[in-house]
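Quick caveat, the model's predicted, so the values are computed rather than measured. Nothing fancy with the numbering, it's 1 onward along the sequence.
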Amino acid sequence: MQILDIPFQTTNWADIEPTEHAGESGVAYWRTQHFGSMRVRMVEYTPGYLADHWCQKGHVLLCLEGELDTELQDGRMYRLTPGVSYQVADQAEPHRSSTKTGAKLFIVD
């Protein structure tokens, strides 16, 4: 990743208005900032959330709170807990998220 033309700045995520994104079940609340071509998000999934699609976008994702289950389209499953991240490239491995308990994530893509 090459980050260009972004001056030093801070983000108070509590000041960013969340947008609501319904899953197949549950809801995701995104607080989103764009810095050039980079999207940075603080995302909260409600308990019982299941994504409504297989995502093919690349991400760096860090679990801050709760537990996040990430399923790859080939059937592999990964559980992220606070302090655990995953990294995947664009178009590399379709994946989708779910959580039984709810989760708070920091995502860069």
Side-chain angles (χ1 to χ4, degrees):
M1 175 184 342
Q2 191 172 30
I3 302 172
L4 303 171
D5 301 320
I6 301 171
F8 181 86
Q9 55 195 290
T10 62
T11 300
N12 182 342
W13 291 99
D15 291 341
I16 308 298
E17 193 66 31
T19 57
E20 184 175 309
H21 303 266
E24 189 172 300
S25 61
V27 176
Y29 294 99
W30 298 8
R31 296 175 190 269
T32 306
Q33 290 281 76
H34 289 91
F35 305 100
S37 63
M38 184 173 50
R39 179 175 66 170
V40 181
R41 295 176 288 160
M42 187 76 68
V43 174
E44 293 186 52
Y45 291 143
T46 60
Y49 176 82
L50 171 63
D52 64 353
H53 67 285
W54 289 98
C55 181
Q56 295 191 45
K57 183 155 184 59
H59 314 282
V60 175
L61 181 150
L62 173 64
C63 181
L64 301 173
E65 297 175 8
E67 290 185 345
L68 178 73
D69 292 320
T70 299
E71 178 183 8
L72 302 187
Q73 203 167 33
D74 66 10
R76 289 178 289 162
M77 292 287 294
Y78 297 89
R79 175 159 292 159
L80 279 69
T81 54
V84 178
S85 67
Y86 76 70
Q87 301 72 228
V88 64
D90 288 336
Q91 309 301 317
E93 297 181 85
H95 52 279
R96 70 176 175 178
S97 296
S98 65
T99 177
K100 292 178 182 167
T101 61
K104 187 174 187 177
L105 315 167
F106 185 77
I107 307 171
V108 179
D109 50 33

Validation row: S97, T70 side chains within 4.5 angstrom (heavy atoms):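 They are in side-chain contact.
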Pairs touching residues 31-40 that satisfy side chain to side chain donor-acceptor pair (under 3.5 Å), sequence neighbours left out: R39-D109
Side chain to side chain donor-acceptor pair (under 3.5 Å) partners of residues 83-96, not counting sequence neighbours, each pair once: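 Applying side chain to side chain donor-acceptor pair (under 3.5 Å) to every pair that reaches into residues 83-96, excluding sequence neighbours, yields H59-H95, E71-R96, R76-E93, S85-Q87.
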Any idea which heavy atoms bring [X] and [Y] closest together, and the distance?
{"X": "S25", "Y": "G48", "result": "OG-O, 2.7 Å"}
{"X": "T46", "Y": "G26", "result": "OG1-CA, 3.5 Å"}
{"X": "T101", "Y": "P47", "result": "O-CG, 3.5 Å"}
{"X": "P82", "Y": "L64", "result": "CB-O, 3.5 Å"}

Residues, nucleotides or ligands: over 12 heavy atoms within 6.0 Å of K57 NZ: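 Yes, NZ of K57 has more than 12 neighbouring heavy atoms, counting only those of other groups under 6.0 Å.
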With E67 via salt bridge (charged side-chain N to carboxylate O under 4.0 Å, His left out) - residues at least two apart: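 Checked E67 against salt bridge (charged side-chain N to carboxylate O under 4.0 Å, His left out); matches are R79.
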Pair V60-F106, side-chain contact (heavy atoms from CB on, under 4.5 Å): steps then yes or no: CA-CA 8 Å; V60 175; F106 185 77; over 6 Å; no
Would [X] and [Y] show up in the same hydrophobic cluster when neighbours are defined by side-chain heavy atoms closer than 4.5 Å?
{"X": "L61", "Y": "V108", "answer": "no"}
{"X": "L68", "Y": "M77", "answer": "no"}
{"X": "Y78", "Y": "V43", "answer": "yes"}
{"X": "Y45", "Y": "V27", "answer": "no"}
{"X": "L72", "Y": "V88", "answer": "yes"}

Residue pair I16, M42: steps toward the side-chain contact (heavy atoms from CB on, under 4.5 Å) verdict: CA-CA 9 Å; I16 308 298; M42 187 76 68; over 6 Å; no
Any donor-acceptor pair under 3.5 Å from T99 side chain to Y49 backbone: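 No, T99 side chain to Y49 backbone: no donor-acceptor pair under 3.5 Å.
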side-chain contact (heavy atoms from CB on, under 4.5 Å) evaluation trace for M38 with I6: CA-CA 10 Å; M38 184 173 50; I6 301 171; 3.9 Å; yes
